[in-house]
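We number each residue from 1, following the sequence as shown. Ligands are counted one by one from 1 in listed order, and the atoms in each one are counted from 1 as well.
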Amino acid sequence: MPIEIKPIGYIKTPYKEKFAIPRQPGLATAAKGHIEFVDEFNSAEFFRGIEQFSHLWLIFQFHQTANKSASPLVRPPRLGGNKKIGVFASRSTHRPNNLGMSAVKLEGVNSDTGKLSLKVSGMDLLDNTPIIDIKPYVPYSDCVPDASAGYAQNKPEELLSVTFCESAAQQMKALQNQYPDLRLLIEQILSQDPRPAYHKGTPSERLYGVELYEFNVQWRVTLQTCVVENISKISS
Ligand code: SAM
């Protein structure tokens, strides 16, 4: 009899769209967010002792692609977006049961407002992703230093340097107090060149945009440099 799997909570992250979210956690450490819990789990007892752990495993549902059926073969961006590999030999979002798992840094536990929240950072999750389970990261068993990982052995390299044009630098300065991590987050995600595999590393006149927090960040790529041209509030 299949068990019903219900979210225990939802994560709030800077990433308002899938585009430009790093492929794995830890690639943009400046991404700060928090997890809020449904009433059934909104109680400190469930989390007693969790502050002893610096990192947590988040088991979650790829809710934005959940309606797409899973095919046996996928095309990992790490393989240039062309070569196919079995879905269970990948960390693809398009998978049976749509489950993802990410190790994130625990920044703190907060229950000031009566609503419990876990502050976390470095996540690779879309805003409002349903969280199915949380487990403490246990290095002696979860970290296998001599493991081999084939096509995904190493952290993706940084492909671009990131600069801000004069006006974007001014906009950034004006946001510094309210969003102290935004500049570093922009630098961390754009240095990985989030464009589709066939554009990566090549200059393009096209203006790109990504929605982070409540802002639309626009940039162009010239040679090996990403130039942030504009940071504007997303009009609601
Ligand atoms: N670390 C997880 C894992 O290995 O299971 C996720 C890896 S997956 C390649 C990371 C990507 O999933 C992100 O770059 C983003 O494009 C996508 N993603 C994140 N949250 C999502 C969501 N709620 N629904 C669908 N796709 C999501």
Side-chain angles (χ1 to χ4, degrees), residues 5-36 38 55-71 73-106 120-137 142-144 147-159 185-186 188-200 208-213 217:
I5 289 190
K6 295 181 296 182
I8 62 168
Y10 295 84
I11 190 168
K12 299 300 293 167
T13 80
Y15 301 118
K16 304 304 179 192
E17 57 181 315
K18 273 171 66 295
F19 176 54
I21 301 180
R23 305 300 300 162
Q24 283 300 329
L27 293 175
T29 53
K32 300 276 168 74
H34 66 277
I35 303 166
E36 297 174 344
V38 299
H55 290 74
L56 303 174
W57 284 112
L58 302 185
I59 315 291
F60 60 92
Q61 191 195 34
F62 289 112
H63 75 296
Q64 206 175 71
T65 45
N67 53 0
K68 296 205 178 98
S69 56
S71 59
L73 293 169
V74 293
R75 285 188 258 216
R78 294 295 294 267
L79 294 176
N82 293 317
K83 197 153 172 272
K84 290 188 175 184
I85 201 156
V87 63
F88 297 130
S90 82
R91 301 293 276 267
S92 170
T93 57
H94 303 286
R95 47 191 333 111
N97 299 315
N98 304 292
L99 293 180
M101 63 173 215
S102 293
V104 298
K105 191 164 184 290
L106 175 61
V120 293
S121 66
M123 77 295 286
D124 55 341
L125 279 74
L126 189 60
D127 191 30
N128 292 322
T129 293
I131 303 298
I132 304 299
D133 197 352
I134 294 173
K135 299 181 181 221
Y137 181 88
D142 293 348
C143 174
V144 185
S148 56
Y151 71 91
Q153 188 70 37
N154 301 309
K155 181 175 168 180
E157 55 175 334
E158 289 190 1
L159 295 171
L185 177 60
I186 292 172
Q188 288 178 333
I189 58 174
L190 296 188
S191 65
Q192 294 167 49
D193 195 350
R195 296 175 301 164
Y198 49 85
H199 274 172
K200 276 190 192 304
Y208 285 88
V210 62
E211 295 190 351
L212 292 173
Y213 295 110
V217 179

Can you check side chain to side chain contact (heavy atoms under 4.5 Å, CB included) on I134 and L58, steps first, answer last? CA-CA 5 Å; I134 294 173; L58 302 185; 3.9 Å; yes
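For T13 and D127, the side-chain atoms include no donor-acceptor pair closer than 3.5 Å.
Atom CG of D142 sits about 5.5 Å away from atom OH of Y137, to the nearest 0.5 Å.
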Result block: side-chain N/O donor-acceptor pairs under 3.5 angstrom for residues 79-93, not counting sequence neighbours:
| unit_1 | atom_1 | unit_2 | atom_2 | d |
| --- | --- | --- | --- | --- |
| S90 | OG | V87 | O | 2.7 |
| S90 | OG | S92 | N | 3.0 |
| S92 | OG | H94 | N | 3.0 |

Indicate every side-chain donor-acceptor pair of residues 23-30 with a distance under 3.5 Å to a residue at least two apart or in another chain.
| unit_1 | atom_1 | unit_2 | atom_2 | d |
| --- | --- | --- | --- | --- |
| T29 | OG1 | Q188 | NE2 | 2.8 |

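Near ligand 1, residues K18, I21, P22, R23, Q24, P25, F60, Q61, F62, H63, Q64, T65, R91, T93, G100, M101, S102, D124, L125, L126, T129 each place a heavy atom inside the 4.0 Å sphere around the ligand atoms.
Not a single ring-ring contact (aromatic ring centres under 6.0 Å, His included) links Y151 to another residue, sequence neighbours left out.
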